[in-house]
Colleague: 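If you scroll down you'll find the structure; I have some questions about it.
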Amino acid sequence: MISDNQQTYTDYRAGDGITKDSRFIIGSISKTITATLVLRAVDQQKLSLNDDITHYLNIVTEHPVTVAQLLNHTSGILPPKPASLNARSQFIPASQFSYSNYGYKLLGDILSQRYHIPYSDLVNQFAEQYQLDISADVGEITHLYTKKPSLTPGFMEQQQQRVLLDELTIDDSFIAFGAMQASNQGIASFIAGLQQQRFISPDSVKAMSTVSAKRPHRWGELGYGYGLQISQQAALLEYSHTGYLPGYISLMLYYPQAQLSVVILENTSWDLDNMDRVFGLHDKIRQAIRNRLKTDE
């Protein structure tokens, strides 16, 4: 889907059973939603970006780690070993960038602690409040296929064959960093809501979209804010996030100068041994849009 505040330019669908209401697991675009809910909690004075995470979590860290450092992947935190509360460290916090699913799992835990409900319930309440076609259903994937018919079954590539994703457990931890479900319109409406400052305060939108770390990426070095990639290559401001997990690949782009959003959701995860094949279509679409926007300036 390619759209702006006035119109939808492209709403393309292909594949058996795919409709405008089909939902896909959105991978790490979930992190952008988790970051939004963290900043919403900041606006509601339930926590602070500079809080030490041990104020909320029953873990011991080698170095002080803040909520903000989890948000921009500069915490360096690693999971404790089994039966231990001692979280390990890759490096001194704020000294490097290291993409961390575990860090976002901890953010979900913090939000669950502050609101006294499971994190999946918090996401579902948020989606219902703002009428977003986004959900955080948990359980075994085959059960969800039956229970939630709008969820498009995922497929993986194994030995050059496309096979059904039939072994995956989605729990609250997974929801926080990679397993929310949404339609194209759900993500487009979420992008619009962020841009219109419907969910969080102007100060929080600014904090979210300000570069506070640098991320190596196949597109070149990107800035990273709070749950959001930020590119200013070729003088074109772009906010984005991508997602990949077994069965699903996703891409979300937003260009504020043109108020243009792009959402791509797929239900086949190609083998990562050929990155051009996995992400090539996404990257070609992104580049075509960037070329057009630069031409229009």
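Quantities reported herein were computed from a predicted structural model and do not represent experimental measurements. Reckoned from all heavy atoms, side chains included, excluding hydrogens, waters and symmetry mates.
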Colleague: Could you walk me through whether N50 and S48 satisfy the side chain to side chain donor-acceptor pair (under 3.5 Å) test, starting with their C-alpha distance in whole Å, then the side-chain angles of each, then the deciding distance to 0.1 Å, before giving a yes or no?
Modeller: CA-CA 5 Å; N50 294 320; S48 168; 4.7 Å; no
Colleague: Between the side chains of N86 and K81, is a donor N or O closer than 3.5 angstrom to an acceptor N or O?
Modeller: no
Colleague: With sequence neighbours left out, what residues match N184 under side-chain hydrogen bond (donor to acceptor under 3.5 Å, both in side chains)?
Modeller: none
Colleague: I want to check something: taking the side chain as every heavy atom from C-beta on, are M156 and T268 in contact at a cut-off of under 4.5 Å?
Modeller: no
Colleague: Quick one: does NZ or CZ of R218 land under 6.0 Å from the six-membered ring centre of F279, within 45 degrees of the ring axis?
Modeller: yes
Colleague: Same cluster or not: Y239 versus I187, using hydrophobic residues (I, L, V, M, F, W, Y) connected whenever any side-chain heavy atoms lie under 4.5 Å apart?
Modeller: yes
Colleague: Look up atom CE in M252 and atom CD1 in I191, then write down how far apart they are to the nearest 0.5 Å.
Modeller: 5.5 Å
Colleague: Scan side-chain atoms only and decide if Q287 and N291 contain a donor-acceptor pair under the 3.5 Å cut-off.
Modeller: yes
Colleague: Taking the side chain as every heavy atom from C-beta outward, state whether I249 and H282 have any pair of such atoms under 4.5 Å apart.
Modeller: yes
Colleague: Got E266 and S250 here, is their nearest side-chain heavy-atom distance under 4.5 Å?
Modeller: no
Colleague: Between D172 and V138, what is the shortest heavy-atom contact and its length?
Modeller: OD1-CG1, 3.9 Å
Colleague: Quick one, D4 with Q259, criterion side chain to side chain donor-acceptor pair (under 3.5 Å). Give me CA distance, side-chain angles, the key distance, then yes/no.
Modeller: CA-CA 5 Å; D4 63 18; Q259 297 185 335; over 6 Å; no
Colleague: Donor-acceptor pair, distance only, cut-off 3.5 Å: does the side chain of R215 make one with the backbone of E221?
Modeller: no
Colleague: Do S120 and D137 make a side-chain contact, defined as non-hydrogen atoms from C-beta onward lying under 4.5 Å apart?
Modeller: no
Colleague: Can you find a side-chain donor-acceptor pair between T74 and N72 that sits under 3.5 Å?
Modeller: yes
Colleague: Membership question, hydrophobic clusters at under 4.5 Å side-chain separation (ILVMFWY): are I264 and I29 in the same one?
Modeller: no
Colleague: Looking at L272, I want to see if its CG is surrounded by more than 12 non-hydrogen atoms of other residues, nucleotides or ligands under 6.0 Å.
Modeller: yes
Colleague: Walk me through it: do V65 and L106 pass the test side-chain contact (heavy atoms from CB on, under 4.5 Å)?
Modeller: CA-CA 11 Å; V65 173; L106 294 179; over 6 Å; no
Colleague: Between I18 and L265, is there a shared hydrophobic cluster once you connect ILVMFWY residues whose side-chain heavy atoms come closer than 4.5 Å?
Modeller: yes
Colleague: Which pair of non-hydrogen atoms, one from T32 and one from M208, has the smallest distance, and what is that distance?
Modeller: O-CE, 3.5 Å
Colleague: Looking at Y145 and P153, what are the two nearest heavy atoms and their distance?
Modeller: CE2-CA, 3.4 Å
Colleague: Run the numbers on R13 and T19 for side chain to side chain donor-acceptor pair (under 3.5 Å), then give the verdict.
Modeller: CA-CA 7 Å; R13 294 177 296 277; T19 72; over 6 Å; no
Colleague: How long is the span from the CD atom in Q69 to the OG atom in S95, to the nearest 0.5 Å?
Modeller: 9.0 Å
Colleague: Report the C-alpha separation of L253 and E238 in whole Å, then their side-chain angles, then the decisive distance to 0.1 Å, and conclude whether the side-chain contact (heavy atoms from CB on, under 4.5 Å) test is met.
Modeller: CA-CA 7 Å; L253 302 167; E238 172 194 83; 3.9 Å; yes
Colleague: Going by the side-chain contact (heavy atoms from CB on, under 4.5 Å) test, name the single residue among L37, L107, D171 that passes it with Y119.
Modeller: L37
Colleague: Applying ring pair (Phe, Tyr, Trp, His ring centres under 6.0 Å), which residue pairs with at least one partner in residues 155-190 are found, sequence neighbours left out?
Modeller: F174-F177, F190-F199
Colleague: Mark yes or no for whether E167, through its side chain, and T142, through its backbone, hold a donor-acceptor pair below 3.5 Å.
Modeller: no
Colleague: Less than 3.5 Å apart, any donor N or O on the side chain of D43 or S201 sitting next to an acceptor on the other?
Modeller: yes
Colleague: State, to 0.1 Å, how close A234 and R290 come at their nearest heavy-atom pair, and which atoms those are.
Modeller: CB-NH2, 4.3 Å
Colleague: Check T34 against L111 and note the closest heavy-atom contact, atom names and distance.
Modeller: O-CD1, 4.2 Å
Colleague: Treat each ILVMFWY residue as a node, draw an edge where side-chain heavy atoms are under 4.5 Å apart, and state whether Y255 and M1 are in one component.
Modeller: no
Colleague: Got more than 12 heavy atoms from elsewhere within 6.0 Å of CD, Q196?
Modeller: yes
Colleague: How long is the gap from CD1 on I25 to CD1 on I175, to the nearest 0.5 Å?
Modeller: 8.0 Å
Colleague: I need the L71 CG to S212 OG distance, nearest 0.5 Å.
Modeller: 8.5 Å
Colleague: Which heavy-atom pair separates K214 from G223 by the least distance, and what is that distance?
Modeller: CD-CA, 4.4 Å
Colleague: Starting from the C-alpha separation in whole Å, work towards a yes-or-no answer on salt bridge (charged side-chain N to carboxylate O under 4.0 Å, His left out) for K147 and E140.
Modeller: CA-CA 10 Å; K147 180 182 175 184; E140 295 297 324; over 6 Å; no
Colleague: Tell me whether the centres of the aromatic rings in H73 and Y104 are closer together than 6.0 Å.
Modeller: yes
Colleague: Could you grab the distance from atom OG of S30 to atom CD of Q181, nearest 0.5 Å is fine?
Modeller: 8.0 Å
Colleague: Start with the C-alpha distance between D133 and R23, add both sets of side-chain angles, then the distance that settles salt bridge (charged side-chain N to carboxylate O under 4.0 Å, His left out), and finish with yes or no.
Modeller: CA-CA 8 Å; D133 193 12; R23 288 184 178 180; 2.5 Å; yes
Colleague: Please determine, by modelled atom types, if Q185 and S189 share a side-chain donor-acceptor pair under 3.5 angstrom.
Modeller: yes
Colleague: Taking only residues two or more places apart in sequence, or in another chain, which ones meet H241 in a ring pair (Phe, Tyr, Trp, His ring centres under 6.0 Å)?
Modeller: Y224
Colleague: In terms of side-chain heavy atoms, does R40 have a donor or acceptor partner in S204 at a distance below 3.5 Å?
Modeller: no
Colleague: side-chain contact (heavy atoms from CB on, under 4.5 Å), that's the test. Do T66 and D52 meet it? Break it down for me.
Modeller: CA-CA 5 Å; T66 68; D52 190 312; 5.9 Å; no
Colleague: Are L151 and Y244 connected into the same hydrophobic cluster when the rule is that any two of I, L, V, M, F, W, Y join if their side-chain heavy atoms are below 4.5 Å apart?
Modeller: no
Colleague: Please collect all ring pair (Phe, Tyr, Trp, His ring centres under 6.0 Å) contacts where either partner lies in residues 10-62, sequence neighbours excluded, each pair once.
Modeller: none
Colleague: Measure up the Y99 and F97 rings against each other and bin them: parallel (under 30°), tilted (30 to 60°), perpendicular (over 60°).
Modeller: tilted
Colleague: Check the pair L222, I230 against side-chain contact (heavy atoms from CB on, under 4.5 Å), reporting the backbone distance first and the verdict last.
Modeller: CA-CA 6 Å; L222 300 177; I230 304 161; over 6 Å; no
Colleague: Can you name the residues that form a ring pair (Phe, Tyr, Trp, His ring centres under 6.0 Å) with Y115, not counting sequence neighbours?
Modeller: none
Colleague: Taking the side chain as every heavy atom from C-beta outward, state whether Q158 and D271 have any pair of such atoms under 4.5 Å apart.
Modeller: no
Colleague: Going by ring pair (Phe, Tyr, Trp, His ring centres under 6.0 Å), name the residues that satisfy it together with W270, two or more places apart in sequence or in a different chain.
Modeller: none
Colleague: Taking atom CD as the centre, does Q7 end up with more than 12 heavy-atom neighbours from other residues, nucleotides or ligands that are less than 6.0 angstrom away?
Modeller: yes
Colleague: Just how far is it from atom CG of L237 to atom CD of Q257, taken to the nearest 0.5 Å?
Modeller: 5.5 Å
Colleague: Is it true that, when you exclude Q45 itself, more than 12 heavy atoms of the residues, nucleotides or ligands shown sit nearer than 6.0 Å to its CD?
Modeller: no
